[in-house]
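What's counted below: heavy atoms across the whole structure, side chains too, no hydrogens, waters or symmetry copies. Every chain is numbered from 1 and lettered A, B, ... according to where its sequence line falls, protein lines coming before strand lines.
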Amino acid sequence: MTTEVLAQAGGETTNFLLPNFTIVVEIVIFLLVLFFFYRFVVPPLTTAMRERDEMVRKQVEERDKAVRTLHEAEERYSTSLAEARAEATTIRDEARADAQKIRDGMRAETDREVARLREQGEAELAAQRAETARSLRTEIGGLSTGLASRVLGRPIDDGRHRATVDSFLAELEQGQAKDAEGVR
Amino acid sequence: MNVEVLAAEGEIKPGEHWTGSLFGLTVNLDTIVGTLIAAIIVCGAGYYMARRATKGRPSGLQIAFEALTGWVQGQIRDGMGLRAPRGVVGLCVTLFAFILICNWLAALPSEHWIPPPTSDVNLVYPMALLVIIWVNVAGIRAKGAGNYFGHFTKPYAFLAPIEFITQYFSRPLSLALRLFGNIFAGGIMVAVIGLMPAYVLWAPEAAWKLFDMFIGAIQALIFTLLTLIYFTEAVGSEADEHAH
């Protein structure tokens, strides 16, 4: 109904659903646009997109590689740390053992020195005692003779009674030595 | 009813064009000028973008073109995979960008002199025809003529005529007239709104132009998407090939 009225009103109006020669011009223009796009627009665009995809892929790969390298470095670091710790422990143990050895050696040395000094002292003491005993013996002989002559009220021949005194002293010493052995 | 009366008065003349003569034949000069303007805008923007296309930091225009190309490539990959015929990406990108700019010419205030070229069947018929021919050529090249036409008789041979009519008449006609009808109706709406008094005209006019831009984008998308679907159907997906 509408179309009829329009047709009547417009007079020369043609059916707008039917194409005219414009269609040829239009298809030429569209094909030119299509050609232009194929030639100048789409290739650079798709190239840029492909290159960007490639770039992104490469960056992802590089990132993965960096992460792997980091992990390796961390592993190396922890391994080295463990090795260093083990080495430090070994060194400490060795040092401790050395110190112990040195301490033992010094203690043995000191003990030996002490023993030597003690032996020396004892030897000196023994020598001094022997010396003292000898001098005492000499004096005791004279003193006992003098004492005896004073008790008797007459002089005693020192040469004759000397042997008696000496044998007495010798017996005394012998008895003392036996007592000492008995005590021991 | 109102429209009929107005039309009868001759104030709204849908489908009337500013005509000229070329080789003695009538041509719609407004459609040709509109198409040329759209072509110049699309090619200019495309060329400007392509010259500065970079893999680094893309411009806004490049992002828009990349989004379109990426969407088309995704559709092709999902539907056809490696069987995709050469050049479909370029065809679909061109179709979308060109139709979009043609439709958006309706948003300019110059719509009365230079209507959007897609509101003339002279542009939409050849585009639909080109798509259907290309789809058939791609289908025959992918499957072989016997296989491709033999597919019409499956699963029931008696439905082959219907399939034939669908393929070669309904589809191109609906593809073309859907786009044409939507944009043409937009022009009529503007003419109707133009009959309102000037002091209220601006509000519905602005609202309609915005909505018309949305319709223009949707129609460009539908035309491109249907083109891709027809290609997918004709070429067959990789899954179909493995199934046979």
Most contacts with chain B, counted as non-hydrogen pairs under 4.5 angstrom, among A:Asp53, A:Thr47, A:Val33: A:Val33
Side chain, backbone, both or neither of B:Leu130 within contact of chain A (heavy atoms, under 4.5 Å): side chain
Most chain A-contacting option - heavy-atom pairs closer than 4.5 Å, from B:Ile40, B:Leu29, B:Thr35: B:Thr35
Proximal component of B:Ala176, with respect to chain A [non-hydrogen, under 4.5 Å]: neither
Closest-packed option against chain A by number of heavy-atom pairs under 4.5 Å, given B:Ala53, B:Gly87, B:Ala39: B:Gly87
A:Phe16 and B:Phe180 aromatic ring geometry - parallel, tilted or perpendicular at 30°/60° bounds: tilted
Candidate pair B:Asp120 and A:Glu26, rule side chain to side chain contact (heavy atoms under 4.5 Å, CB included), full reasoning: CA-CA 10 Å; B:Asp120 188 342; A:Glu26 295 292 294; over 6 Å; no
Exceeds 12 heavy-atom contacts within 6.0 angstrom, atom CD of A:Glu87: no
Region of A:Leu32 in contact with chain B, defined by heavy-atom distances below 4.5 Å: neither
Contact class of B:Leu91 relative to chain A, heavy atoms under 4.5 angstrom: both
A:Ile29 side, atom CD1; B:Leu123 side, atom CG - distance, nearest 0.5 Å: 8.5 Å
Flag if over 12 foreign heavy atoms under 6.0 Å of CZ, B:Phe169: no
Interface moiety of A:Phe36 toward chain B, non-hydrogen atoms closer than 4.5 Å: side chain
A:Phe37-B:Phe98 aromatic ring centre distance below 6.0 Å: no
Test item: A:Thr22 side-chain N/O and B:Asn28 main-chain N/O as donor-acceptor pair under 3.5 Å: yes
Side-chain heavy atoms of A:Ile27 within contact of B:Tyr125, under 4.5 Å: no
Taking every non-hydrogen atom, the tightest pair across B:Gly90 and A:Val42: CA-CG2, 4.0 Å
Side chain to side chain contact (heavy atoms under 4.5 Å, CB included) between A:Val25 and B:Thr31, intermediate numbers included: CA-CA 10 Å; A:Val25 183; B:Thr31 307; over 6 Å; no
Region of B:Thr54 that comes under 4.5 Å of a non-hydrogen atom in chain A: backbone
Option in A:Pro44, A:Pro43, A:Pro19 with maximal non-hydrogen atom pairs under 4.5 Å from chain B: A:Pro19
Nearest non-hydrogen partners of B:Val88 and A:Tyr38, listed with the distance: N-OH, 4.3 Å
Contacting region of B:Tyr48 [heavy-atom separation from chain A under 4.5 Å]: neither
Closest non-hydrogen atom pair, B:Gln62 against A:Ala48: NE2-CB, 3.9 Å
Engaged part of A:Leu34 at the chain B interface, taking heavy atoms whose separation is under 4.5 Å: both
Region of B:Tyr47 in contact with chain A, defined by heavy-atom distances below 4.5 Å: both
A:Arg52 side chain near B:Glu66 side chain, heavy-atom distance below 4.5 Å: yes
Reported CG-to-CD1 distance for the pair B:Leu129 and A:Ile23, which is rounded to 0.5 angstrom: 7.0 Å
Any side-chain heavy-atom pair of B:Val27 and A:Val24 under 4.5 Å: no
